[in-house]
Student: 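My questions will all concern the structure given below.
Values below: all heavy atoms of this structure, side chains included; hydrogens, waters and symmetry mates excluded.
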Amino acid sequence: MTSGSTTRKSVVDVPGVPPPFRCYYSNAVRVAGGDMLYISGQVAWDEDGNVVCVGDGPGQARKAFDNLGKVLAAHGATYDDVVKVTVYVTDFSWFDELSALREQLFPHNGPASTIVQVSQLVQPELMIEVEAVAVVR
């Protein structure tokens, strides 16, 4: 799912700081130039704005990240170009499935990352929202 060059993005390990909790993110990412793309939160909406995979957290995560991938592609970027991702979930009970998906999308030099549990998103059926920052060509 990733194929772009990451020459402008490098992972920065800092001595004395604990390593990332999971392998799909980095504590810090340094960007060496390029235009920045700030992507609004993507959710499990289809092209018509309908919520898909109601009650299925992993299914909604796949759709939200698919929507994110489409926005990246429209700007000539890939998941490799993502330097920061923020994930909002309404429930952590499917965290392992979310982690597995993120490991597929960010197998090397993952973006800086934050994940937060919230009480509700813009529609009560939504279980995840993903926003990102990417460096683009």
Side-chain angles (χ1 to χ4, degrees):
M1 291 187 175
T2 57
S3 61
S5 170
T6 59
T7 57
R8 291 180 310 268
K9 172 182 153 183
S10 61
V11 171
V12 180
D13 292 320
V14 179
V17 174
F21 179 66
R22 300 283 176 151
C23 66
Y24 50 74
Y25 77 92
S26 302
N27 280 328
V29 176
R30 186 172 181 145
V31 177
D35 292 333
M36 302 302 293
L37 175 65
Y38 295 85
I39 303 171
S40 294
Q42 299 298 303
V43 296
W45 285 337
D46 63 17
E47 290 183 15
D48 297 320
N50 300 306
V51 178
V52 299
C53 302
V54 174
D56 176 8
Q60 286 200 8
R62 285 188 297 276
K63 182 60 177 168
F65 276 101
D66 180 59
N67 288 342
L68 176 66
K70 289 176 182 176
V71 173
L72 289 166
H75 293 273
T78 71
Y79 292 107
D80 285 339
D81 299 307
V82 174
V83 296
K84 174 70 171 105
V85 65
T86 304
V87 179
Y88 303 92
V89 296
T90 58
D91 180 358
F92 275 115
S93 67
W94 47 278
F95 182 76
D96 289 339
E97 293 92 335
L98 176 58
S99 291
L101 173 62
R102 292 185 62 192
E103 286 177 26
Q104 290 173 2
L105 299 174
F106 305 113
H108 309 290
N109 297 326
S113 179
T114 300
I115 184 168
V116 179
Q117 183 174 343
V118 297
S119 62
Q120 184 175 322
L121 296 167
V122 69
Q123 289 177 285
E125 302 87 5
L126 292 171
M127 302 172 73
I128 185 170
E129 184 164 341
V130 182
E131 66 180 23
V133 178
V135 60
V136 297
R137 298 172 206 3

Student: Would you say that Ile39 contacts His75 through its side chain, given a criterion of any heavy-atom pair below 4.5 Å between the two side chains?
Tutor: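 No, too far: nothing below the 4.5 Å cut-off.
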Student: Please check if the side chain of Asp48 supplies one atom and the backbone of Asn50 the other of a donor-acceptor pair under 3.5 Å.
Tutor: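 Not at all, since once roles are kept as given, no pair shorter than 3.5 Å links the two residues.
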Student: Please name all residues satisfying side-chain contact (heavy atoms from CB on, under 4.5 Å) with Thr86, sequence neighbours left out, ordered by chain then number.
Tutor: Lys84, Tyr88, Thr114, Glu131
Student: How close do Ala132 and Val82 get, heavy atom to heavy atom, and via which atoms?
Tutor: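 Closest approach of Ala132 to Val82, heavy atoms only: CB-CG1, 4.1 Å.
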Student: Just verifying a value: how many Å separate Trp45 CH2 and Cys53 SG, rounded to the nearest 0.5 Å?
Tutor: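 Going from the CH2 atom of Trp45 to the SG atom of Cys53 covers 15.0 Å.
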Student: Could you tell me whether the side chain of Val89 reaches within less than 4.5 Å of the side chain of Ile128, counting heavy atoms only?
Tutor: yes
Student: Could you state the interatomic distance from CZ (Phe92) to CG (Leu98), rounded to the nearest 0.5 Å?
Tutor: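 So the CZ of Phe92 and the CG of Leu98 are separated by 8.5 Å.
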Student: Taking Gln123 for the side chain and Leu121 for the main chain, is one N or O donor matched with an acceptor at less than 3.5 Å?
Tutor: no
Student: Look up atom CG in Asp56 and atom CH2 in Trp94, then write down how far apart they are to the nearest 0.5 Å.
Tutor: 9.0 Å
Student: Would a hydrophobic clustering, with Ile, Leu, Val, Met, Phe, Trp and Tyr connected at side-chain separations under 4.5 Å, put Val43 with Phe95?
Tutor: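 Different clusters: Val43 never reaches Phe95 through Ile, Leu, Val, Met, Phe, Trp or Tyr contacts under 4.5 Å.
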Student: For a side chain to side chain contact (heavy atoms under 4.5 Å, CB included) check, start with the C-alpha distance between Met36 and Val31, then their side-chain angles and the critical distance, and finish with the verdict.
Tutor: CA-CA 10 Å; Met36 302 302 293; Val31 177; 4.2 Å; yes
Student: Has the side chain of Gln60 got a donor or acceptor atom that lies under 3.5 Å from a matching backbone atom of Met127?
Tutor: yes
Student: Nearest 0.5 Å, what's the CG-CG distance between Asp35 and Asp81?
Tutor: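 Separation between the atoms: 11.5 Å.
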Student: Are Leu105 and Val136 linked, directly or through intermediate hydrophobic residues, by side-chain heavy-atom contacts shorter than 4.5 Å (ILVMFWY only)?
Tutor: yes
Student: Hey, any chance Val83 and Tyr38 share a hydrophobic cluster, counting ILVMFWY side chains that come within less than 4.5 Å of each other, even indirectly?
Tutor: yes
Student: Does some side-chain heavy atom of Val118 sit less than 4.5 Å from a side-chain heavy atom of Glu129?
Tutor: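 The answer is no; the side chains never approach within 4.5 Å.
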Student: Taking Asn67 for its side chain and Ala64 for its backbone only, find out whether a donor-acceptor pair lies under 3.5 Å.
Tutor: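 Not confirmed, Asn67 side chain does not pair with Ala64 backbone.
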Student: Is it possible for you to say whether Val85 and Leu126 belong to one hydrophobic cluster, with membership spreading through side-chain heavy-atom contacts below 4.5 Å?
Tutor: no
Student: Considering only NZ, NE, NH1 and NH2 on the basic side and carboxylate oxygens on the acidic side, decide whether Asp66 and Arg62 come within less than 4.0 Å.
Tutor: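 Here Asp66 does not pair with Arg62 in a salt bridge, since their nearest N and O are not under 4.0 Å apart.
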Student: Measure the spacing between CG of Asp46 and NZ of Lys63 and express it to the nearest 0.5 Å.
Tutor: 6.5 Å
Student: Can Leu68 be reached from Val51 by stepping across I, L, V, M, F, W or Y side chains whose heavy atoms are under 4.5 Å apart?
Tutor: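 Per the 4.5 Å side-chain linkage, Val51 and Leu68 are not co-clustered.
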Student: Going by the angle between their ring planes, with limits at 30° and 60°, are Phe65 and Phe106 parallel, tilted or perpendicular?
Tutor: perpendicular
